[in-house]
Each structure stands twice: as structure tokens, then as C-alpha cells.
Amino acid sequence: MRSGIAGTGSYIPECRVTNDMLAARMDTSDEWIVSRTGIRERHLSAEGTAAMAAEAARRALEDAGMTAEELDWILVATVTPECFFPSVACQVQEALGAKKAVCYDLSAACSGFLFGLQTADAYIHTGMARNVLVIGAEAMSRLVDWKDRSTCVLFGDGAGAAVVTAVSAGGIRTGVLGCDGSRGDSLICSTGHSADGIPFLEGTGEDGEAAPTSLAMDGREIFQFAVRTVPEVIREALAQAEISTEDVSLFLLHQANARILTSIGRSLHVPMEKIPENLAHTGNLAAASVPVLLDEVNRAGRLQRGDTLVLAGFGAGLTWGAMVLEW
Ligand code: UT7
């Protein structure tokens with residue numbers, strides 16, 4: 001049994017923060033941010049990851065014409081849960097009333113939605129599920145260091161969701177995922193918990209204070225990784241589907257940097273009209289980036305039945321993935 005996307009939804013929080021608003025607080029400028037990244041504004045969440053995820057999910061269910069009770073699984077890709085446990089997926093289950101769903105979060109950073117879709121496809125393909133809700137949701141504003149201008153200007157908050165269901169024709173054709181843990185340090189956010197020692201014996205961590213997180217990125221390294229790896233993994237997914245770039249209507253790529261998108265387009269010889277951008281108004285939404293873009297193009301009427309789409313992402317881990325699907 002193949003799987004396909006029956007409905008999409010997204011949620012972007014109300015609070016809008018422009019580059020000029022950032023420049024009023026730190027040593028940066030609209031000119032620097034726009035010219036280096038293409039980002040003009042981002043939205044920051046007052047409600048948190050689970051609430052944004054639930055709202056995106058409600059919209060996706062409505063688009064699919066499905067009720068929450070019909071969901072077999074809920075998978076949430078996120079690196080910004082409010083709690084270590086319970087999972088965001090369980091919080092979404094409660095918010096939706098999706099009583100029979102099995103729920104868990106998965107962590108693959110900005111590639112997370114691709115990992116979730118591939119997992120949903122496998123569950124449906126093997127008959128373990130019929131309807132899977134896949135969500136990418138992030139409150140990156142809670143994670144970034146607002147004193148580090150080299151990273152905090154890049155990210156935004158939001159959530160996107162897709163209802164994946166069994167289909168008799170079309171749907172997901174191929175998916176290729178990859179990881180390289182040896183390059184994990186180039187984009188890392190520690191929990192603040194040490195990998196060494198026994199806190200109880202050493203008398204640390206007793207004051208009840210939350211461990212500080214710290215996001216560190218080698219921007220140039222990640223840039224090089226993205227422009228090299230994303231075209232490669234897209235070519236691999238297309239080859240497995242036995243089609244070429246000309247057969248693809250739209251390439252929905254992780255929105256990290258407009259220059260990365262241009263470079264990928266050039267490398268694949270794909271015109272930029274086929275590579276939609278929304279990062280100017282969202283910033284980098286990590287795992288929410290691809291599903292929010294998918295929902296935006298869907299609601300804008302840019303997807304016709306039978307269109308071939310490529311979805312691709314890359315991020316911390318390092319992780320990457322591409323998927324070919326028929327709409
Ligand atoms: O989802 C995946 C996550 N990450 C990515 O995809 C990031 C990929 N990398 C990038 O997008 C780019 O590398 C960045 C946008 C992060 C940085 O652009 P860059 O052209 O590689 O700049 P840089 O890091 O080489 O910094 C150039 C200069 C530095 O100053 P000096 O040393 O030349 O004097 C930085 O200190 O720009 C400075 N700088 C800033 N200036 C104003 C760094 N951040 C800022 C800032 N405003 N916000």
C-alpha cells in the first residue's frame with residue numbers, strides 16, 4: 001500500500017519581529033541580514049511548540065476532511081519541545097482528542113519532517129497504520145541565544161502538518177535519508193547536561209536551576225554541506241523514481257538561506273520559479289520549515305493533482321533527506 005498527503009496545515013504566530021527591530025537591540029542591520037540570508041522578518045511564539053503543533057494539525061485534518069479519532073499515529077519532528085517528557089506528540093494527541101493514536105517525537109533537526117514522512121510511509125506501506133499525522137513544530141526563539149547575532153537573526157517559530165494516508169495511486173514514490181554524526185559539532189545545541197561525571201556524587205545540579213542550553217553553528221561549514229549534499233540527495237531520489245528534474249513541478253526545500261536555494265537551483269539546472277521561498281517572512285523554522293512551505297503552496301492553489309513534487313531538507317546531526325511524491 002502506498003501513502004500520500006491528504007491534507008496540510010500550518011500555523012505562524014502573530015508576533016512579528018523585523019530585522020530593524022533586531023537591529024535596535026544588537027549590532028546587526030536589515031541590510032546585512034537580507035543580503036546574507038534573504039530573511040526580512042520572523043514570527044515569535046507566545047504559545048509554545050505544542051500549541052502551535054496542535055493548531056497546524058487541526059488545519060491539516062480539516063483540509064484532509066478527517067477527524068482526529070481516525071488517526072493511528074502522531075509523529076512530531078521538533079528540537080524545541082517544552083518538556084523532555086511528555087512528548088509534544090502526546091500533548092497534541094490530548095489537544096486534538098486523537099484517542100487511538102500512538103504518539104512520539106523524533107529529532108532530526110531541520111530534516112525532521114522528511115524523516116517523519118518517511119516513517120509514516122513505512123508504517124502505511126507495511127500495513128501498521130492507515131492515517132498518520134506528521135508535524136514539524138519549532139519554537140526556536142526559546143532555544144537561541146539572543147546575544148549571539150550570528151545565529152539568533154536566522155530563526156523563527158511556527159508549525160506545519162500533513163495528514164498522510166493510504167492511497168491506491170500516486171503519493172510518495174521515493175525517499176532518501178542520510179546522516180553523518182561525525183560532523184555533529186558544526187551545528188550543535190547542548191542541553192547543558194555533561195556527558196562526564198555523576199552529578200549526584202559531584203554535588204552539582206542540586207540547586208534546581210535549569211541547565212543552560214547553547215546553540216553553536218559553523219555557518220560556512222553548514223552552507224557548504226547544504227549546497228553540496230542537497231543536490232546530490234535530490235538527484236538520488238529522482239534517479240530512484242526514474243524521473244528527471246524537468247518532470248518536477250516544484251522543489252520544496254528547507255528554508256535556511258536564499259543563497260543556498262539559489263545555489264541548489266543552479267546546481268540542478270532548475271529555474272527559481274520552481275523553488276518557492278517563504279523564508280523572507282518566516283526565517284528558518286527548522287523542522288517546521290518544509291511543512292509550512294508545503295501548506296502555503298497548497299493553499300495558494302499552486303499544487304495540481306498529479307503534479308510531481310520534491311521535498312528536501314538538511315540540518316544538524318548532520319542529517320539530510322529528499323522525497324519524490326505525486327500530489
Ligand atoms: O537549518 C540549517 C541551519 N543553518 C544554516 O543553514 C546556516 C548556513 N550558513 C549561512 O546561512 C551563513 O553562513 C550565515 C548567514 C550564517 C553567515 O553568512 P556568512 O556570509 O557565512 O558570514 P560569516 O559568518 O562569514 O560572517 C561575516 C561577518 C563576520 O564579521 P567579520 O569577522 O568579517 O568582521 C561576522 O561577525 O559578518 C558578521 N556577522 C554579522 N554582522 C551583522 C555575523 N552575524 C552578523 C549579523 N549582523 N547578524
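Residues: numbered from 1 along the sequence shown. When a ligand or atom number is given, it counts from 1 through the structure's own listing order.
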- Might you work through the side-chain hydrogen bond (donor to acceptor under 3.5 Å, both in side chains) test for Thr80 and Glu138, ending with a clear yes or no? CA-CA 5 Å; Thr80 52; Glu138 303 286 13; 2.6 Å; yes

Common cluster, [X]/[Y], ILVMFWY with side-chain heavy-atom separation under 4.5 Å:
{"X": "Met217", "Y": "Ile39", "answer": "yes"}
{"X": "Phe113", "Y": "Val233", "answer": "no"}
{"X": "Leu114", "Y": "Val324", "answer": "no"}
{"X": "Val134", "Y": "Leu303", "answer": "yes"}

- Item | Tyr11: which of Glu47, Glu55, His43 passes side-chain hydrogen bond (donor to acceptor under 3.5 Å, both in side chains) | Glu47

Numbered atoms of ligand 1 (with element) below 4.0 Å of [X], judged on heavy atoms:
{"X": "Thr37", "value": "15 (C)"}
{"X": "His254", "value": "1 (O), 2 (C)"}
{"X": "Phe314", "value": "2 (C), 6 (O)"}
{"X": "Val153", "value": "48 (N)"}
{"X": "Leu187", "value": "3 (C)"}
{"X": "Arg259", "value": "18 (O), 20 (O)"}
{"X": "Ala256", "value": "1 (O), 6 (O)"}
{"X": "Arg36", "value": "19 (P), 20 (O), 22 (O), 27 (C)"}

With no hydrogens and no angle check, do the side chains of [X] and [Y] hold a donor and an acceptor under 3.5 Å apart?
{"X": "Asn257", "Y": "Thr37", "value": "no"}
{"X": "Glu232", "Y": "Thr229", "value": "no"}
{"X": "Asp295", "Y": "Thr8", "value": "yes"}

Just need the protein heavy atom nearest to [atom], so name the residue and atom and give the distance.
{"atom": "atom 8 (C) of ligand 1", "result": "Gly219 O, 3.5 Å"}
{"atom": "atom 5 (C) of ligand 1", "result": "Ile222 CG2, 3.5 Å"}
{"atom": "atom 11 (O) of ligand 1", "result": "Asn257 ND2, 2.7 Å"}
{"atom": "atom 29 (C) of ligand 1", "result": "Arg149 NH2, 4.9 Å"}
{"atom": "atom 28 (C) of ligand 1", "result": "Trp32 NE1, 4.3 Å"}

- Query: Would you call Asp157 and Arg42 a salt bridge, using N to O less than 4.0 angstrom?
  - Reply: no

- Is any side-chain N of the basic residue among Glu62 and Arg58 closer than 4.0 Å to the acidic one's carboxylate O? no

- Query: If you measure from atom 23 (P) of ligand 1 to every heavy atom of Glu221, Arg220, Glu31, which option wins on shortest distance?
  - Reply: Arg220

Verify the contact flag for [atom], where contact means a protein heavy atom under 4.0 Å away.
{"atom": "atom 14 (C) of ligand 1", "answer": "no"}
{"atom": "atom 32 (O) of ligand 1", "answer": "no"}
{"atom": "atom 19 (P) of ligand 1", "answer": "yes"}
{"atom": "atom 25 (O) of ligand 1", "answer": "yes"}
{"atom": "atom 3 (C) of ligand 1", "answer": "yes"}

- Message: Please confirm whether Met26 approaches ligand 1 to less than 4.0 Å, judged on its heavy atoms.
- Response: no

- Does ligand 1 have any atom sitting under 4.0 Å from a heavy atom of Ile33? no

- Spell out, as yes or no, whether a donor-acceptor pair under 3.5 Å connects the side chain of Ser35 to the backbone of Trp32. yes

- Are the side chain of Ser267 and the backbone N or O of Ser263 linked by a donor-acceptor pair below 3.5 Å? no

- Query: At under 4.0 Å between heavy atoms, which part of Thr28 makes contact with ligand 1: side chain, backbone, both or neither?
  - Reply: both

- Task: Mind checking whether Asn284 contacts ligand 1 via backbone (N, CA, C, O), side chain (CB onward), both or neither, at a 4.0 Å heavy-atom cut-off?
- Result: side chain

- Query: Can you say whether the rings of His254 and Phe314 are parallel (under 30°), tilted (30 to 60°) or perpendicular (over 60°)?
  - Reply: perpendicular

